[in-house]
Number of protein chains: 2
Amino acid sequence: MVTIYDIAKRANVSPMTVSRVINNSKQISESTRQKVQAVIEELGYIPNSAARSLISKKTKILSLLITDITNPFFTRVARGAEDKAKQFGYQILLSNTDEDFKKEEDYIDMLLSTNVDGVLLAPTGDQSKKNIKKLIKRDIPFVLLDREIEGIESDIVLGDSYEGTRKLIEHLIQQGHKKIALINGPLSVSTARERHKSYIETLKLSNLKVNHDLISEIGYNKDDADTIIKNLISLPKFERPTAIFAANNFIAVNAIKALRKFGYEVPKDMSIVCFEDFEPITGFNPFLTAAIQPAYSFGYTGIQFLIERIEGKAPKEYRKIVLSPEIVIRESSRLIKK
Amino acid sequence: MVTIYDIAKRANVSPMTVSRVINNSKQISESTRQKVQAVIEELGYIPNSAARSLISKKTKILSLLITDITNPFFTRVARGAEDKAKQFGYQILLSNTDEDFKKEEDYIDMLLSTNVDGVLLAPTGDQSKKNIKKLIKRDIPFVLLDREIEGIESDIVLGDSYEGTRKLIEHLIQQGHKKIALINGPLSVSTARERHKSYIETLKLSNLKVNHDLISEIGYNKDDADTIIKNLISLPKFERPTAIFAANNFIAVNAIKALRKFGYEVPKDMSIVCFEDFEPITGFNPFLTAAIQPAYSFGYTGIQFLIERIEGKAPKEYRKIVLSPEIVIRESSRLIKK
DNA sequence: CTGTTAGCGCCTTCAC
DNA sequence: GTGAAGGCGCTAACAG
């Protein structure tokens, strides 16, 4: 391994001078700089970042802690995060929690030991508070993504769950639906609470009665929705739903799979709408009516907030940005033929 | 920050003893171990990995260098990689090259400085040889992903481009197509060369003539395919293709978009097949006929090979594994109605 | 503008 | 079974 000592010897200067060159110090004559630079290139020297971190306490590594990179929402978040990070010379450490508190805890411990400079995280839910406290305790800057946690103060990038839900439900109502089911994520996650609240209030505002038999809860991740769907379609005709609002893309997909299993076609026998798109490139093969969030911006802005916080360029007050979803009407909520 | 010195003082032992405890050394009495362990937990001590790396030259960080996490193929690769890495206590650094040699070079330099323990990479093409030589020069273990590079010896995880292409083309021929266009990736990438070769040979074996006007090349990434499509559909009727084989999913999507722009419907006016699926969950909304590769296994096996190599558990000979795609026939290549 | 000294937190080596 | 000394590669602080 080539070190500053090797460079120093060969260039006939002190190691400190080499250090100054690689750190672009101004306090150095152009001639020595060039001399040293030449040797650096000749020997292919690359600074050892472990040694640097040991002193600076900086690693230029950020952690992106999401639930599942496989979810197109988070895929695009990750891309936005990576792009912004690269601009500022940071690298991204990727972790998937699968909505699991224990995994989240494991990763938090790992990244604490790695000494990442900051964390952009979509917490698994309110229980994450305990994990986040560890970050706070060690003064690791972090930015929350997509989900709020009561009692945790931080910069945060959110989507407008309330508005998105309202518009989706209103769309269904406009299509003539009066019995709309909600398959929600866990109420321990703030987005699920918002969507629940908006669902209820939007129905009421439209003078539709809220039937609690039509509301159910399931994991945001990859649980199958067979039982829930079975229950819904087993309801007596007068309360059986004609449309479903799924709280996210995975839930929608699992619902559709379950519906198919029981012989129901979407949208012929059941309309369905949801949050989040299901494809990495929007609009290629339109099927799901959805509230599509600007996921790339979630990641991009999140990392920007984070780096500003790390580098002391952020305002003292925490920032909260709420990004609006775009409602895209597609095949899955086509008008019911009378 | 809590260090081994703080622990040592509080536990009335030497720092060295603390070091032995955190490294699970056998040379230590059960009673001191417990005493020290208690203080470690009390103070919430976490080892500083920069200091450790400085000595051990290990970081427990692996680099995953892919072209674009947004491509569902690589999304699933990343998930497989991350899962395997976690099993062995490694973390994954994610980078997107966008098929760009310069970006790849940037990242290689960054990860060299980060001292990652190893790299799993999908090279941007044959030109990557120069970048890979840097890894070799510094003895960084690496495993190639999806793409071969002549003159580079390493463990490698590949898909069977030849077989996949052959089956897709044969399927089209069976559907009655005689004029099949190829929109390929850059021939500087081994997968494109394989697909090219297989396309030609399969046509010949079926006694179909190869028309070079039907063969074109485009980026694997996100270039638009308008010009190529325009050229294809402008051909005189007797040579105009009735089906397109797109070398990957993004090319297929761009081709379909272009076709739509010019008023062509898939599959009514043009059939299309490609490599790689387009959705993160296979089979939900079937449209594209595709050779679907076991992407998760690419990542999972790649990381396994890499860790074995790093930890000296790999055989001396380099391993090459070729994973077979699954051909899934769907809407986009439906039979032509006569 | 350049060099010297000391130390970041930990572990290897060698004593005891 | 435990501890002291020294050094991993680099840079802050000071000296010249």
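The figures here come from the full heavy-atom set of this structure, side chains too, leaving out hydrogens, waters and symmetry mates. Everything numeric in this text was worked out from a predicted model, so none of it was measured. Chain naming here is simple, since letters A, B, ... match the order of the sequence lines and numbering starts at 1 in each.
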Contact boundaries of DNA chain D with chain B (under 4.0 Å, heavy atoms), 5' to 3'? D/dG1 to D/dG9
Under the salt bridge (Lys or Arg N to Asp or Glu O under 4.0 Å) rule, collect the residues that match up with B/R79, sequence neighbours excluded. A/D68, A/D98, B/D83
Taking only side-chain nitrogens and oxygens of A/S29, does any of them come within less than 4.0 Å of OP1 or OP2 of C/dT2? yes
NA contact type, A/T32, heavy-atom cut-off 4.0 Å: base, sugar-phosphate, or nothing? sugar-phosphate
I'd like to check the side-chain contact (heavy atoms from CB on, under 4.5 Å) partners of A/L135; sequence neighbours left out, ordered by chain and number. A/I108, A/L111, A/L112, A/V119, A/I140, A/F142
Could you give the CD-to-C1' distance, from A/Q34 to C/dC1, as a whole number of Å? 16 Å
Sequence neighbours excluded, the answer for side-chain contact (heavy atoms from CB on, under 4.5 Å) partners of B/K58 is B/S56, B/D117, B/I310
Considering residues at least two apart in sequence or located in another chain, which fulfil the ring-ring contact (aromatic ring centres under 6.0 Å, His included) criterion with B/Y296? B/Y300
Tell me, please, which residues at least two apart from A/K134 pass salt bridge (Lys or Arg N to Asp or Glu O under 4.0 Å). A/E105, A/D109
A/R20/A/M16 under side chain to side chain contact (heavy atoms under 4.5 Å, CB included): CA gap, chis, key distance, verdict: CA-CA 6 Å; A/R20 289 197 177 94; A/M16 197 53 229; 3.5 Å; yes
With sequence neighbours left out, write down each residue that passes side-chain contact (heavy atoms from CB on, under 4.5 Å) with B/E30, or none if nothing qualifies. B/R33, B/Q34
Residues passing the side-chain contact (heavy atoms from CB on, under 4.5 Å) test with A/T97, sequence neighbours excluded, are A/L65, A/T67, A/E104, A/T124
Mind checking what makes ring-ring contact (aromatic ring centres under 6.0 Å, His included) contact with A/F305, not counting sequence neighbours? none
Is the phosphate of C/dT2 approached by A/T17 (side-chain N or O, under 4.0 Å from OP1 or OP2)? no
Inter-axis angle, terminal five-pair segments of the helix from C/dC1-D/dG16 to C/dC16-D/dG1 [nearest 10°]: 30°
Return all side-chain donor-acceptor pairs below 3.5 angstrom for residues 88-95 of chain A, not counting sequence neighbours, or 'none' if the list is empty.
| from | atom 1 | to | atom 2 | distance (Å) |
| --- | --- | --- | --- | --- |
| A/Y90 | OH | A/E311 | OE2 | 2.8 |
| A/Q91 | OE1 | B/T114 | OG1 | 2.6 |

Under a 4.0 Å heavy-atom criterion, the protein footprint on nucleotides 8-16 of chain C, written with B, S and -, is BBBSB----
